[in-house]
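The structure appears right after this line, and notes come after that.
Counting begins at 1 with the first residue of the sequence.
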Amino acid sequence: MKPIELLAPAGNLEKAKIAVLYGADAVYVGGKQFSLRSRASNFSLSEIDELVKFAAAHDAHVHVTVNMLPHEEDLEGLDTYLKDLDDIGIRAIIAASPYVMSRAKALGCRFEVHVSTQHSTTNTSAIRFWKEQGMDRAVLARECGMDQIRSMTAADVLPVEVFIHGGMCISYSGRCVLSNHMTLRDANRGGCAQSCRWKYHLMDGNKELSDPGKLFSMSSKDLQAVDEIEAFMKMGVASLKIEGRMKSAYYLATVVTAYRHLIDEIMKNGTASEALIAKTKTEIAKAENRMTGPGFYQGIPGCDVQLYQDHDETVTQEYVAYVIDCEPEQHRATIQVKNKFYKEEAFEIFGPSLYSTEGKMLKILDEDGNELTMCNRPMQVVHIRWEGPLEKNAMIRKKENRQ
């Protein structure tokens, strides 16, 4: 079984570093130009440079999305931007426009060019076409089933990348124009308003079919492909991609470390136990803010994989503190408060090399040495005595009973 890349998203430098620390082999980020996800913070060239150096120090790589479908007025400065990225030393760009792809190759850029999922690549012939154009990897459409992916990897034309976690598009990925039509925000130029997730009155002429108290939507559950990871690895997929450049650092840490442990177990033993599969799903659920499903990986999605009603995102407040520094042998740590918590609550901790385990808050002191029984000031730095394992850059959360 060949090593496989775990590829994580990041909307800013902090999140990118967290993803690397928690086990991502590579992170993909958007620059200030030519990138979708315009509401993400996105990276300046100096930040990309800093991230490339940080990633290299942790044996990881950086991919940059240059995946806008540009209009005439969007192309100014493209060559300069691509050469700047090449000078910085990124591993790859993810591009949707054939012109952007061809310019990167014509300029002699050393980075790889990956064909974005925006192209909805769903067959070997399409992959062969991209190889003939000199491309280095195809990011498959999220609408591919397992047998289709298996046939494409068996052909071994180009390395392929598949999505394993995150948002799903209600349309073929990148083909929806609802946002543009309804809000003049162009999804393929970085401005998707996620109109599919809005709530609508479903009408048949003048007759309303939807319940006025539970309006209709056409959203999909998020993708969660824990059950498919072993199959992807055995069929030779090159990269497993997590979606979510708008997600929080806690979300990324939770999801990345869960998949990291699963991948490592499969690489070590050739398979994953049912217990680890179940544990991985439980860990990931601790950061979910929308219901999940298998996407197209277990067949054409039925009604149970859609969210027609009651799909509002929820904000988890289980994540309570970030470990800035620690002295494990002395059971002391300096933490930054993220959400309200009481000293006597049940906690668990997880970190870059520490899988989720229980711990106990024995004492809390503020920076003036005053003892606290409760913390409710986000970003406050406090000092704790802790019973249990400790690790710098770890995260502490409330222990919840989840099935």
Side-chain angles (χ1 to χ4, degrees), residues 8 10-24 58 165 242 244 247-262 276 278-289 313-403:
N12 61 35
L13 191 56
E14 176 209 2
K15 295 175 186 178
K17 290 181 177 181
I18 287 291
V20 170
L21 287 172
Y22 277 74
H58 293 82
H165 202 90
I242 298 166
K247 298 293 190 179
S248 69
Y250 169 68
Y251 174 93
L252 288 175
T254 304
V255 174
V256 168
T257 196
Y259 280 110
R260 175 80 273 154
H261 281 86
L262 178 61
L276 181 58
K279 183 175 177 64
T280 303
K281 292 178 180 179
T282 299
E283 289 299 307
I284 288 173
K286 294 173 183 177
E288 287 174 355
N289 57 7
E313 293 189 8
T314 58
V315 178
T316 177
Q317 292 186 328
E318 294 173 6
Y319 172 35
V320 296
Y322 182 78
V323 179
I324 299 171
D325 206 353
C326 65
E327 299 173 87
E329 293 182 359
Q330 283 72 42
H331 305 286
R332 291 196 295 256
T334 301
I335 65 173
Q336 185 179 64
V337 176
K338 297 296 183 179
N339 282 292
K340 179 180 177 180
F341 66 91
Y342 293 89
K343 180 172 70 72
E344 66 272 14
E345 291 186 90
F347 299 102
E348 57 188 21
I349 187 170
F350 70 105
S353 60
L354 176 63
Y355 210 17
S356 182
T357 186
E358 294 183 21
K360 189 174 182 180
M361 202 85 66
L362 301 176
K363 182 180 283 189
I364 308 172
L365 300 175
D366 68 15
E367 291 190 297
D368 295 322
N370 300 310
E371 189 165 352
L372 306 174
T373 58
M374 178 265 291
C375 293
N376 63 353
R377 288 170 48 201
M379 308 306 287
Q380 180 185 16
V381 175
V382 298
H383 307 281
I384 65 169
R385 283 190 58 81
W386 177 264
E387 183 181 286
L390 278 170
E391 182 180 17
K392 185 177 179 180
N393 299 311
M395 297 185 180
I396 299 172
R397 61 187 168 209
K398 298 176 185 177
K399 190 176 186 300
E400 300 286 345
N401 292 319
R402 288 174 179 265
Q403 299 298 323

query: Looking only at heavy atoms, what is the nearest atom pair of Ile18 and Ala249, with distance?
result: CG2-O, 3.7 Å

message: Side chains of Ser353 and Glu391 only: does a donor on one sit below 3.5 Å from an acceptor on the other?
response: yes

- request: Quick one: closest heavy-atom pair of His58 and Val20, and the distance?
  value: CB-CG1, 3.6 Å

message: Any donor-acceptor pair under 3.5 Å linking the side-chain atoms of Lys17 with those of Asn393?
response: no

- prompt: Does any non-hydrogen side-chain atom of Lys286 lie less than 4.5 Å from one of Tyr250?
  reply: yes

field: Exercise: identify the closest heavy-atom pair between Lys338 and Pro378
entry: O-CB, 4.1 Å

query: Should Phe350 and Thr254 count as side-chain neighbours, where that means a heavy-atom distance under 4.5 Å?
result: yes

field: Student check: side-chain heavy atoms of Tyr355 and Arg260 closer than 4.5 Å
entry: no

task: To the nearest 0.5 angstrom, please state how far the CD1 atom of Ile349 sits from the CD1 atom of Ile396.
output: 4.5 Å

Phe347-Phe341 aromatic ring centre distance below 6.0 Å: yes

field: Residue pair Ile335 / Ala321: nearest heavy atoms and the distance that separates them
entry: CD1-CB, 3.6 Å

- prompt: Nearest 0.5 Å, what's the NZ-CG distance between Lys343 and Leu372?
  reply: 10.5 Å

message: Check Glu371 with Arg385, please: is the shortest side-chain N to carboxylate O separation under 4.0 Å?
response: no

- request: First locate atom CD1 of Ile384, then atom CG of Leu365, and finally report the distance between them rounded to the nearest 0.5 Å.
  value: 10.0 Å

statement: Closest non-hydrogen contact found for Ala24 with Val256 is N-CG1, 3.6 Å

message: Run the side-chain contact (heavy atoms from CB on, under 4.5 Å) test on Gln336 and Gln380 for me, step by step, so that the C-alpha distance in whole Å, both residues' side-chain angles and the decisive distance to 0.1 Å come before the verdict.
response: CA-CA 6 Å; Gln336 185 179 64; Gln380 180 185 16; over 6 Å; no

Lys399/Glu358 ion pair, N-O < 4.0 Å: yes

- request: Verify the distance criterion only: is there a donor paired with an acceptor across the side chains of His165 and Tyr259 at less than 3.5 Å?
  value: yes

Contact check, side chains of Val381 and Glu367, non-hydrogen atoms, under 4.5 Å: yes

- request: Could you tell me whether the side chain of Val337 reaches within less than 4.5 Å of the side chain of Val382, counting heavy atoms only?
  value: yes

query: Can you tell me how far SG of Cys326 sits from NE2 of His331, rounded to the nearest 0.5 angstrom?
result: 11.5 Å

message: I'd like to know if Glu318 and Lys398 make a salt bridge, using a cut-off of under 4.0 Å between side-chain N and carboxylate O.
response: no

- request: Give, for atom CG of Asn339 and atom CZ of Arg377, the distance between the pair rounded to the nearest 0.5 Å.
  value: 15.0 Å

message: Check whether Thr257 reaches the backbone of Ala253 with its side chain - one donor and one acceptor, N or O, closer than 3.5 Å.
response: no

message: Side chains of Val320 and Glu345, heavy atoms from C-beta outward: is any pair under 4.5 Å?
response: no

field: Neighbour count above 12 (heavy atom, 6.0 Å) for Tyr342 OH
entry: no

Crowding at CD, Glu344 (>12 non-hydrogen neighbours, <6.0 Å): yes

- request: Rounded to the nearest 0.5 Å, what's the gap from CZ on Arg332 to NZ on Lys363? Could you check?
  value: 11.0 Å

- prompt: Strictly under 6.0 Å, is that where the ring centroids of Tyr251 and Tyr319 end up?
  reply: no

- prompt: Between Asp366 and Asp368, is there a donor-acceptor pair closer than 3.5 Å when you use the side chain of the first and the backbone of the second?
  reply: yes

query: How close do Arg397 and Ser356 get, heavy atom to heavy atom, and via which atoms?
result: NH2-OG, 3.3 Å

